[in-house]
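What you see below is based on every heavy atom in this structure, not just the backbone, and it leaves out hydrogens, waters and symmetry mates.
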Amino acid sequence: MLFFENTRCLSCSKDVGFDPLKMSMHPIELDAQDYSPRVCKNRLDYDVCNWLVTKPGTSYCVSCELNQTIPNLLRADRRRWWKSLEQAKRRLIFSLLSLGLPVEGKSVEPNGLAFQFIEDKRTDPGVAEEYVTTGHLQGLITINITEADDVTREISRAFAGELYRTLLGHFRHESGHYYFDKLITNEGTRKRFRALFGDERADYKTALNHYYSNKSTMCGDRDYISRYAQSHPLEDWAEVWSHYLHMIDTLETAEDYNLEQGAERFDEFGETLEKWAQLAMVLNSLNRSMGLEDAYPFIIAGKTLKKLRFVHDLIYPN
């Protein structure tokens, strides 16, 4: 069996790579002078990627070519963090490609997708940035690289009172902000969005300040997938978007393991939701048997169901 992060088959010892065009693993010859298919340069130089290059004229795979800034590779811990960041990013890109969503870099489109992995003076006094937050701006997704440190991330999760905080969750959430501009492009769709999520034109800074000033007293609301979703309509959208990606990727994995709760096709939303409800219960029960917290500690109910269907219908229009 080959896993998503594998670089070698443990049965035949062949080197392998993932082809994002065929969406499957392929054997490769790393020692060949003129090997084909081509291996991403980030694998040859740093062993942080296992994807194949599919675009002529570039040395990087479709995921790595989206990088704008990477961590300081002279430091071993930053290099480890970068590998974790790249693994999470590739899972995001896999989902986007599977759904047929556009994955275009800034070399193709000025507001295309790009990533920067940076830190601030709190963890490295030698850098220029005073404070780096994970976020999105005009296609550029910024991740503070300390999120790749398990201890730091868990402290942040506990401090923020979040039920769930992972690297992959960050990538999926921030991609939601990017695809808001890609998918909600006409007045009809915007009206439907505002009926479900609220008016995205509400002042963002004021809304976030209000949220952080009052989050300790805010109660859970089943119209929102998470507490943070209550902060602003755009954050509500990004939270719902990320949960949709959680669902479809985990369901596909379950299908690959021949679980009856798994699913490969997602064009029928009711069936997808029913399968997810079953699978989430299994995941949480398995985690509890291992003494771990729930893998999916969320309740999908009320208006959240309609919001998820809205995302689904944007991806699979009639």
Is it true that, when you exclude [X] itself, more than 12 heavy atoms of the residues, nucleotides or ligands shown sit nearer than 6.0 Å to its [atom1]?
X    : atom1 : result
M23  : CE    : yes
K14  : NZ    : no
E162 : CD    : yes

Basic-acidic side-chain contact under 4.0 Å: E130, R122: no
Should the pair R157-E154 be classified as a salt bridge under the 4.0 Å nitrogen-to-oxygen rule? yes
Can you tell if the side chain of [X] reaches within under 4.5 Å of the side chain of [Y], non-hydrogen atoms only?
X    : Y    : value
V48  : K83  : yes
T272 : L308 : no
D19  : T54  : yes
D236 : H232 : no
L273 : M247 : yes
D124 : R75  : yes
D313 : R192 : yes
L66  : I93  : yes

Once you measure the plane-to-plane angle for [X] and [Y], does it fall in the parallel (<30°), tilted (30-60°) or perpendicular (>60°) bin?
X    : Y    : value
W276 : Y296 : perpendicular
H243 : F298 : perpendicular
W51  : F18  : tilted
F310 : W237 : perpendicular

Closer than 3.5 angstrom, by distance alone: can the side chain of [X] be matched with the main-chain N or O of [Y] as a donor-acceptor pair?
X    : Y    : result
R43  : L52  : no
K121 : V127 : yes
R38  : K55  : yes
T304 : I300 : no
S289 : S285 : yes
E268 : G270 : yes
T206 : D203 : no

Could you measure the distance from the [atom1] atom of [X] to the [atom2] atom of [Y]? Nearest 0.5 Å is fine.
X    : Y    : atom1 : atom2 : value
E129 : T123 : CD    : OG1   : 10.0 Å
R90  : F4   : CZ    : CZ    : 7.0 Å
E86  : N50  : CD    : CG    : 11.0 Å
K182 : L314 : NZ    : CG    : 14.5 Å
L283 : T250 : CG    : OG1   : 7.0 Å

Working note: E235 + S231, criterion side-chain hydrogen bond (donor to acceptor under 3.5 Å, both in side chains); need CA distance, chi angles, decisive distance, verdict. CA-CA 7 Å; E235 296 303 335; S231 62; 5.3 Å; no
Flag for [Y]-[X]: side-chain donor and acceptor within less than 3.5 Å:
X    : Y    : value
N214 : H210 : yes
H173 : S175 : no
N72  : E119 : no

Is [Y] reachable from [X] through a run of I, L, V, M, F, W or Y residues, each pair having side-chain heavy atoms under 4.5 Å apart?
X    : Y    : result
L73  : F117 : yes
L163 : F171 : yes
I184 : L245 : yes

For a side-chain hydrogen bond (donor to acceptor under 3.5 Å, both in side chains) check, start with the C-alpha distance between N186 and T189, then their side-chain angles and the critical distance, and finish with the verdict. CA-CA 6 Å; N186 59 65; T189 306; 2.9 Å; yes
Testing the basics here: between [X] and [Y], what is the closest heavy-atom pair and its distance to 0.1 Å?
X    : Y    : value
L251 : Q261 : CD2-O, 3.3 Å
D221 : Q230 : N-NE2, 4.0 Å
L196 : K303 : O-CE, 3.4 Å
L167 : L85  : CD2-CD2, 3.6 Å
M1   : N6   : O-OD1, 4.0 Å
P233 : D199 : CG-O, 3.4 Å

Output, in order, the C-alpha distance, side-chain angles, deciding distance and verdict of side-chain contact (heavy atoms from CB on, under 4.5 Å) for K215 and Y228. CA-CA 8 Å; K215 66 173 182 160; Y228 184 59; over 6 Å; no
Under 6.0 Å from the ring centre and within 45 degrees of the ring axis: does the NZ or CZ of K307 meet both conditions for the six-membered ring of F197? yes
With side chain to side chain contact (heavy atoms under 4.5 Å, CB included) as the test, pick out the partner of K89 among S84, C49, S63. S63
From the options Y244, Y316, F269, select the one residue that forms a side chain to side chain contact (heavy atoms under 4.5 Å, CB included) with V311. Y244
Under the salt bridge (Lys or Arg N to Asp or Glu O under 4.0 Å) criterion, do K275 and E260 qualify, and how do the steps go? CA-CA 9 Å; K275 289 278 190 178; E260 63 178 88; over 6 Å; no
For residues 94-107, please give each side-chain donor-acceptor pair under 3.5 Å, one per line with the distance, not counting sequence neighbours.
unit_1: S95; atom_1: OG; unit_2: R91; atom_2: O; d: 3.3
unit_1: S98; atom_1: OG; unit_2: F94; atom_2: O; d: 2.8
unit_1: K106; atom_1: NZ; unit_2: P110; atom_2: O; d: 3.2
unit_1: K106; atom_1: NZ; unit_2: G112; atom_2: O; d: 3.1
unit_1: K106; atom_1: NZ; unit_2: Q138; atom_2: O; d: 2.8

What residue pairs, at least two apart or across chains, pass ring-ring contact (aromatic ring centres under 6.0 Å, His included) with a residue in residues 134-167? Y164-H246
List the steps and the verdict of salt bridge (Lys or Arg N to Asp or Glu O under 4.0 Å) for D77 and R80. CA-CA 5 Å; D77 54 353; R80 289 194 302 271; 5.4 Å; no
Compile the donor-acceptor pairs under 3.5 Å between side chains in residues 139-147 and protein atoms, sequence neighbours left out, one pair per line.
unit_1: T142; atom_1: OG1; unit_2: Q116; atom_2: NE2; d: 2.7
unit_1: N144; atom_1: OD1; unit_2: T146; atom_2: N; d: 3.1
unit_1: N144; atom_1: OD1; unit_2: T146; atom_2: OG1; d: 2.8
unit_1: N144; atom_1: ND2; unit_2: V132; atom_2: O; d: 2.9
unit_1: E147; atom_1: OE1; unit_2: R165; atom_2: NE; d: 3.2
unit_1: E147; atom_1: OE1; unit_2: H170; atom_2: NE2; d: 2.9
unit_1: E147; atom_1: OE2; unit_2: R165; atom_2: NE; d: 3.3
unit_1: E147; atom_1: OE2; unit_2: R165; atom_2: NH2; d: 2.5

Taking the six-membered ring for Trp, is the centroid-to-centroid distance between Y179 and W241 below 6.0 Å? yes
